[in-house]
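Below is one structure, written out as structure tokens, with a few remarks after it.
Predicted model, so just to flag it, every value in this text is computed and none were measured.
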Amino acid sequence: MKFTFVNVLTSVMAIAGLSHAAPGPKPPKAPGLTYLYSVNITGGDAAFPGAGPRGFRIVVPILSGSFSGPKLKGTVLPIGGDWALIDANNPNGTLTIDVRQTFRTDDGADIQVFETGTTQSDGSAYVRLSYETGSAKYYWLNSIVAIGILRPLSANSLTIDAWQMNAP
């Protein structure tokens, strides 16, 4: 082996635990998650408005359900539904979820829930959730960022486990 200045310097730096490569940026710390609730939802018969410029629309009404978590518990009112869209440009038929539903807590507060997301290859879907309520007790929901995993339970029912994102 021929000893050159670069070879010797690289060897000394390696022995000292140093690298001559510029260090990359340190990745940011990931946000934390706090469990919010699990909800079970029963849907009705689907309506098929048909094809549009972005794909094929399917509308499924929400008939009932219940939710429970550390800070909230109640029922899902028969108001709302999923205005799902099957992507016309994706050969795998990706389904985009677009849900509006209403929760009524055990203490009588109404919470509007909005969910959007995309199906995954295993049949589940990853969803983003947002909330709207005038209840002083649950007003904190209006400003959180939440995510969830939707899993089908049967042809007309599903469950969603939801978490609040927290700063690292």
Any chance you could measure [X], atom [atom1], to [Y], atom [atom2], to the nearest 0.5 Å?
| X | Y | atom1 | atom2 | result |
| --- | --- | --- | --- | --- |
| K71 | L36 | NZ | CG | 8.0 Å |
| E115 | L150 | CD | CG | 7.0 Å |
| T34 | Q164 | OG1 | CD | 5.5 Å |

Exactly one candidate in I41, D82, V39 meets side chain to side chain contact (heavy atoms under 4.5 Å, CB included) with L158; the answer is I41

Partner of F67 under side chain to side chain contact (heavy atoms under 4.5 Å, CB included), picked from T75, T105, N40, is T105

Could you tell me whether a side-chain N or O of [X] sits under 3.5 Å from a main-chain N or O of [Y], the two making a donor and an acceptor?
| X | Y | answer |
| --- | --- | --- |
| Q101 | F114 | no |
| R57 | W83 | yes |
| T133 | D110 | yes |

Shared ILVMFWY cluster between [X] and [Y], side chains joined below 4.5 angstrom?
| X | Y | answer |
| --- | --- | --- |
| L63 | V60 | no |
| I149 | Y35 | yes |
| L77 | L72 | no |
| W140 | I111 | yes |
| I97 | I58 | no |

Determine the minimum heavy-atom distance between [X] and [Y], stating which atoms define it.
| X | Y | result |
| --- | --- | --- |
| A30 | P168 | O-CB, 3.5 Å |
| Q120 | T118 | NE2-O, 3.0 Å |
| I62 | R100 | CD1-O, 4.0 Å |
| L95 | I86 | CD1-CG1, 3.6 Å |
| D45 | P61 | O-CD, 3.3 Å |
| L129 | I147 | CD1-C, 3.4 Å |

| said: Is there a side-chain contact between V99 and V127 in this structure, where contact means two heavy atoms from C-beta onward sitting under 4.5 Å apart? | reply: no

- Query: Have S38 and D161 got a donor and an acceptor in their side chains that come within less than 3.5 Å?
  - Reply: yes

Exercise for the section: Would you please classify the geometry between the Y37 ring and the F103 ring as parallel, tilted or perpendicular, with 30° and 60° separating the classes? Expected result: perpendicular

| query | Are Y131 and Y138 close enough that their ring centres sit under 6.0 Å apart? | reply | no

